[in-house]
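For reference, the structure is listed below as C-alpha cells.
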2 protein chains.
Amino acid sequence: MIKKEKIPKVTIHRMAVYLQVLEDLDREGEDVISSSKLAELCGVNPSQIRKDLAYFGEFGVRGVGYFIKDLIGSIKHFLGLDHVWNCAIVGIGNLGRAILRHKGLPYKGFRIVGAFDCDPFKIGEKVGELEIICTRRLKEKAKELKIEIAIITTPPERAQRAANHIVEAGIKAIVNFAPARISVPEDVIVDYVDFSTHLIYLSFNLARTKGKNI
Amino acid sequence: MIKKEKIPKVTIHRMAVYLQVLEDLDREGEDVISSSKLAELCGVNPSQIRKDLAYFGEFGVRGVGYFIKDLIGSIKHFLGLDHVWNCAIVGIGNLGRAILRHKGLPYKGFRIVGAFDCDPFKIGEKVGELEIICTRRLKEKAKELKIEIAIITTPPERAQRAANHIVEAGIKAIVNFAPARISVPEDVIVDYVDFSTHLIYLSFNLARTKGKNI
DNA sequence: GACTGTGAAACAATTCACAGCG
DNA sequence: CGCTGTGAATTGTTTCACAGTC
C-alpha cells in the first residue's frame, strides 16, 4: 500500500491542506471533484495534486475525478489520522493554554492528555479538564497516559530542558513552538513552528515592494 | 544593495532562524562565528548559509568568519526589521489573546496596535492595553493606526470575511492562523500558519516508522 | 592556514504533455 | 470526451569544490 519512495516534506504539508479543503467540500455536500477544481481551491497546480496523491496510490477515476468521501478516508489513513494521537503540552503559558482550550484538535485526531510545567506555583492548577503536572514527572506520566507527541510551549531558554525531559520519557515526536533550536537524538522528529518567522517573511516582502515603490 | 535575483521563500525562513541563533550568541558574548559553526547550531549545511547570505551581499571576512553584531544588523536591515511594523489582530479568541499577551513580539519589531472582533459581546472589552473594536471599523482604524500587517485568528468559517475587511482596509500582508484557505487580490501577501499541519506531519512520520517496526 | 564567496555539479521538486481509461 | 496517472522536460535548490582573500 505505502510506496517505498521518499516523500517530500512539502507533500505532506500540502496533503494536510487538501484534506482541509476536501472536508469543507464534503460538509457542503459535494460528492466528486477534479484535480483542477481542487487545485484552484488550494492555490496549487493540478498536476501537483495528482503527483502528490500518486505517492500513495491511485485514488481517482479517469474521466470523472475523485470521490470526496473516499479520498478523505484514504488521505486520513496514510497520514496516520485514523488513529487518535495522545499529546502532552510542556510549558503552560499563554500559548499553551490557548492550545489546551482549542476545540478543533480532538476532531482532527489529536487529544491532549497531559499538561506539564516546571513552575511550582502552577502545579496542581486546573486548565479545562487537566491538572498541571511537574515536568519532572513527564517520564512516569508518559507511560501511564501513552503520550506519543509532545508540544513545547515554554520560553526559549527552557526549551532545551523541556526537550531533554521529553526524550528521557521516550517520546519520539516534538512540535516546538519556542523560538529556539533544540537538539535531540536523531530518531526523534522535531517540527518547528515559529510565529515570528512568518511575520518576518511578510516584513521582508513589504520592505521589498516598498523599495520598488509599487 | 539588494540584488535583483529572486530569493526563495525557504531562504527567508532560514534567515529568520539564523537571526535567532545569532542573537543568542550575541547575548552570550560571542563576537565572531564561522559558517560551519553557525550551520551546526541551525542544523543546516555550511554552504547553505553562505549561499543564503550571498543573495543579499558580502558580509563575511575570509579566513575569519562573520562579526556577529554586524551580521545581525545587516540581516535585520534586509529583512525589513529595522522598522517597527504595526499589526492588527482580527478574531479575539484563545489564540488571538495569547498573541496579544505575548511579550516577545515588540522586541522583534512587531507591535500590535489593534484588536478586532465581530462579536458584539466582546466589543469594548479590554485585553491588555487594547480595547476590542468591531471588525467593520477596520478600514477607518487601519488608516488612523497605520496598520501594515493583519493577523487572522478567527474560526475558519469567518476567515474569508475577515480577509475581505482587511483587503478593503488596504492592508497588503496577512498571516492567517485560521485553518481555511482565503482568497485575496494578488498584490496581497498571505502566509498560512496552521498548527494542525505540523501535528499531521508528525502523525505521518510516526505512523510510518511504526509500520517499519523500528 | 582558515574561512568566505561562487561557479559548476548534483539533486529535488514542479510543470508539461500525452497515453490510457471510464 | 474528460480527467487521471505518469514519464520526460523544466525549473529550482542544495551541495561540492576550489579560487580568492584576510
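In the text below, chain A, chain B and the rest are named by the order of the sequence lines, each starting its count at 1.
- In this structure, A:Leu53 atom CG and D:dC3 atom C1' are separated by 13 Å, rounded to whole Å.
- Distance CZ (B:Arg50) to P (D:dT13): 19 Å, rounded to an integer number of Å.
- Mapping A:Lys51 and A:Arg62 onto DNA chain C by nearest heavy atom places A:Lys51 at the nucleotide closer to the 5' end.
- Summarising the geometry, the separation between CD1 on A:Ile49 and C1' on C:dA13 is reported as 16 Å, rounded to the nearest angstrom.
- Listed pair A:Tyr55 / D:dG5 fails the phosphate criterion, with no side-chain N or O lying under 4.0 Å from OP1 or OP2.
- For A:Ser34, counting side-chain heavy atoms from C-beta on, the closest listed nucleotide (D:dT4, D:dT6, C:dT4) is D:dT4.
- Comparing D:dT14, C:dA13, C:dC3 by their nearest atom to the side chain of B:Arg14 picks out D:dT14.
- Here A:Phe110 and B:Phe195 keep their ring centres 6.0 angstrom or further from each other.
- As rounded to whole Å, 12 Å separates atom P of C:dT14 from atom NZ of B:Lys6.
- A:Ser35 comes within 4.0 angstrom of sugar-phosphate atoms only, judged by non-hydrogen atoms across all strands, and of no base.
- Set against D:dT15, D:dT4, C:dG5, the side chain of B:Asn45 has D:dT15 as its closest nucleotide.
- The side-chain tip of B:Arg137 does not point at the ring of B:Phe116 from less than 6.0 angstrom away and within 45° of straight on.
- One finds no side-chain N or O of A:Gln48 lying less than 4.0 angstrom from the OP1 or OP2 phosphate oxygen of C:dA13.
- Protein atom OH of A:Tyr66 is 16 Å distant from nucleotide atom P of C:dC21, rounded to whole Å.
- One can place CG of A:Leu38 at 13 Å from C1' of D:dT4, the figure rounded to the nearest angstrom.
- Remark: aromatic rings of A:Phe59 and A:Phe78 are close, center separation under 6.0 Å.
- The CD1 atom of B:Ile174 sits 4.5 Å away from atom CD1 of B:Ile182, with the distance rounded to the nearest 0.5 Å.
- The distance between atom CD1 of A:Ile7 and atom C1' of C:dT14, rounded to the nearest whole Å, is 17 Å.
- In this structure, the OH atom of B:Tyr18 is 13 Å from the P atom of C:dT4, given to the nearest Å.
- Residues B:Arg158 and B:Asp117 are not paired through a salt bridge, judged by the lack of any N-O separation under 4.0 Å between the basic side chain and the carboxylate.
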